[in-house]
Amino acid sequence: MSLLEIRQLSKNFFHLSALSLVSLSVEPGELLGLIGPNGSGKTTLFNCVTGVLRPSRGHVLFKGEDITKLTADGVYHRGISRTFQLIQLFPEMTVLENLLMAAQERKGTLFSRLLRRDETEEMDRALNLVEYLGLSGVKDNLAANLSYGQQKLLDFGMALMPDPQVILLDEPMAGVNPTMIKALVTHIQDLNAQGYTFVVIEHNMEVVMSLCRRIVVLSQGEKIAEGTPAEIHDNPAVMDAYFGT
Amino acid sequence: MTDVFQLLVAGLSIGSIYAMAAIGFVLLWQTSNTINFAQGEFVVLPAFVMVLFLTVFRFPFAAAFVATVIVSTLLLGLLVKKVLVERLLKMGVLPLVIATIGLSMLIRYSLQQFWTPLALPFPAIFSRQPIRVGGVIFSSEEVMNVLSAAIVIGTLQLLIRRTKLGWAMQAVAQNRDLASVLGINVSRLVGVTFMLNAALTAVAAVLIAPVYLVKYDIGIGIGLKAFYAAIIGGFNQIRGALLGGLLVGLVETYSAAYISNQFRDAFALVILIGVLLLKPEGLLGIKEEWA
């Protein structure tokens with residue numbers, strides 16, 4: 001069974017069709033690339049999967065269960081986490097607090113929320129992540145005061161914090177310098193080898209081609225191709241979508 | 001010189017009540033982008049409810065107080081959130097703001113029409129026995145008001161800083177979309193915030209009722225001053241609302257004593273205008289980008 005299955009998903013904004021009848025599946029342990037020109041519906045697809053937007057038609061299945069109608073917090077609790085194209089952080093919290101925040105809803109009843117936060121386990125995880133991502137030196141800085149690259153790393157760390165089963169990354173390399181890209185690629189491969197499943201939207205073709213074993217291409221809201229990097233590279237429809245007339 | 005100290009306590013006493021209502025403003029704005037123009041009536045209604053429990057049902061004071069807080073939390077917290085906020089918030093900030101203006105009039109004139117247009121007496125909670133410190137005489141009621149407000153606000157701060165619920169509130173205030181993707185049920189959190197606000201205004205009601213008497217229209221003044229206080233201190237900072245509330249209370253009290261009692265309400269406005277001109281985000285506020 002696929003871990004995540006998207007069936008005939010459509011999303012309309014008034015009369016504009018942002019996604020139409022897109023189907024794709026993500027297998028456990030996969031590292032799937034999602035590419036396509038600007039405005040092809042990649043982020044809309046992420047938004048529909050994570051409950052940020054409600055799809056107009058179609059279904060999203062996670063481990064065989066229909067999660068189409070769940071709100072964003074419900075999707076999180078099933079084990080799907082994501083990053084945003086534009087970095088999203090809690091600006092007035094420190095790096096560590098941001099990470100803890102990303103895991104705090106993972107457990108606990110309404111009543112336990114009223115008690116003092118017990119987070120030794122989360123704190124260990126956050127400290128490990130900070131170390132792993134090379135953010136130890138700034139762990140007590142406010143997120144708003146980090147450099148762009150550091151914020152991008154923190155964003156990535158927050159997606160990992162709840163120990164999700166699928167991680168959706170929306171342009172993790174955008175605007176990041178080459179050294180940091182290398183580091184991020186290594187992290188993603190590393191985590192993938194440990195069993196984390198990723199879906200990555202990325203414009204840097206070199207990165208996508210080397211990182212992913214399977215790639216899905218969207219154009220104008222429709223899936224136009226799917227295959228290995230080599231197949232995508234040689235697919236005339238893909239070239240056409242990017243450079244076509 | 002002694003009256004300076006007496007007025008200081010009097011100003012802090014009324015100011016701490018404004019501060020509680022102003023903190024409620026901030027909480028609602030932070031988590032749900034609601035500006036509640038019925039905040040004054042959110043103070044008046046619990047005062048009436050308290051009178052109901054005390055005089056009609058003959059509850060002892062403590063029981064009446066607890067019952068008032070519960071009724072207020074359900075009515076002005078849960079019900080308002082379910083009936084108004086949940087439906088209107090989707091359409092943006094403005095429809096909800098206008099709805100709260102309507103709600104304030106509904107509460108105010110219903111109390112006038114169906115209950116009484118007269119001022120109801122309210123028993124003193126604390127002894128009015130004056131306290132002497134050196135040559136200065138303080139009203140113990142005022143001192144107790146300040147202490148009660150300090151305890152309530154301190155507890156609230158602890159809740160926000162130390163509990164998971166408080167952290168979720170901070171998260172929603174700082175980044176709503178991210179908070180919901182990180183598993184926070186924003187809608188439920190908004191409900192909890194409305195209930196917290198209603199509890200705050202219920203406490204404010206019980207503290208202010210012995211001072212002002214219970215009348216259907218006192219909410220206009222209280223709501224406005226709490227609103228000034230929130231703007232003066234900074235609409236996105238609880239400590240700002242606290243500072244703003246105390247400042248409005250002090251300015252009002254001192255100017256009534258030393259300048260003009262008739263124009264006492266005008267001086268808080270002067271400060272408000274000054275702050276808006278010189279530091280529009282408020283004394284302790286943080287500039288926000290309009291999202």
Side-chain angles (χ1 to χ4, degrees), chain A residues 46-47 49-53 70-94 97-119 122 142-144 154-155 158-162 164 167-168 170, chain B residues 26 29-32 73 77-78 86 89-90 154-193 195-196 199 234-240 281 284-291:
Chain A
F46 272 17
N47 285 339
V49 170
T50 52
V52 173
L53 289 175
L70 290 183
T71 49
D73 55 294
V75 174
Y76 166 93
H77 287 291
R78 298 301 148 112
I80 300 179
S81 76
R82 71 172 290 181
T83 65
F84 289 86
Q85 205 169 342
L86 298 171
I87 299 171
Q88 298 289 333
L89 301 165
F90 300 114
E92 288 157 58
M93 294 186 191
T94 67
E97 286 169 346
N98 266 276
L99 288 170
L100 291 174
M101 203 57 233
Q104 95 150 6
E105 293 297 317
R106 213 155 50 104
K107 57 180 189 191
T109 56
L110 188 65
F111 184 71
S112 76
R113 272 156 227 273
L114 288 170
L115 304 172
R116 203 190 147 88
R117 296 173 296 143
D118 170 35
E119 50 196 18
E122 284 84 356
L142 289 186
L154 175 56
D155 209 28
M158 285 168 75
L160 296 173
M161 211 29 217
I167 303 159
L168 311 179
D170 197 346
Chain B
V26 172
W29 171 253
Q30 291 270 71
T31 54
S32 66
T73 326
L78 209 55
E86 215 154 272
L89 199 58
K90 295 175 205 152
T155 312
L156 182 74
Q157 279 286 17
L158 223 59
L159 176 92
I160 288 174
R161 293 203 177 282
R162 293 264 181 259
T163 67
K164 292 182 80 171
L165 177 72
W167 272 74
M169 287 170 72
Q170 290 187 50
V172 171
Q174 291 185 28
N175 193 333
R176 207 182 169 74
D177 290 337
L178 182 60
S180 87
V181 168
L182 292 178
I184 294 170
N185 185 333
V186 177
S187 172
R188 193 169 68 193
L189 196 83
V190 169
V192 173
T193 314
M195 290 165 76
L196 268 179
F235 228 100
N236 51 21
Q237 293 291 322
I238 288 181
R239 55 204 171 92
E281 69 272 22
L284 300 177
I286 294 170
K287 275 186 187 154
E288 270 180 44
E289 281 166 43
W290 186 250

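The chains referred to below are lettered A, B, ... by the order of the sequence lines, with proteins before strands, and numbering in each begins at 1.
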Taking the side chain as everything from C-beta on, heavy atoms only, tell me whether B:Asp177 gets closer than 4.5 Å to A:Val52.
no
Measuring from B:Leu182:CG to A:Tyr76:OH, what's the distance to the nearest 0.5 Å?
6.0 Å
Working to the nearest 0.5 Å, report the span between CD of A:Glu92 and CD of B:Gln237.
6.5 Å
Kindly indicate whether the side chain of A:Met101, heavy atoms from C-beta on, has any atom under 4.5 Å from the side chain of B:Ile184.
yes
So which of A:Glu97, A:Met158, A:Arg82 has the biggest tally of heavy-atom pairs under 4.5 Å with chain B?
A:Glu97
For B:Trp167 and A:Leu100, run side-chain contact (heavy atoms from CB on, under 4.5 Å): C-alpha distance rounded to whole Å, both residues' side-chain angles, the deciding distance at 0.1 Å, then the answer.
CA-CA 10 Å; B:Trp167 272 74; A:Leu100 291 174; 5.9 Å; no
Main-chain N/O of A:Leu89 paired with B:Asn175 side-chain donor or acceptor, under 3.5 Å:
yes
Output for pair (B:Leu178 CG, A:Ile87 CD1), nearest 0.5 Å, gives 11.5 Å
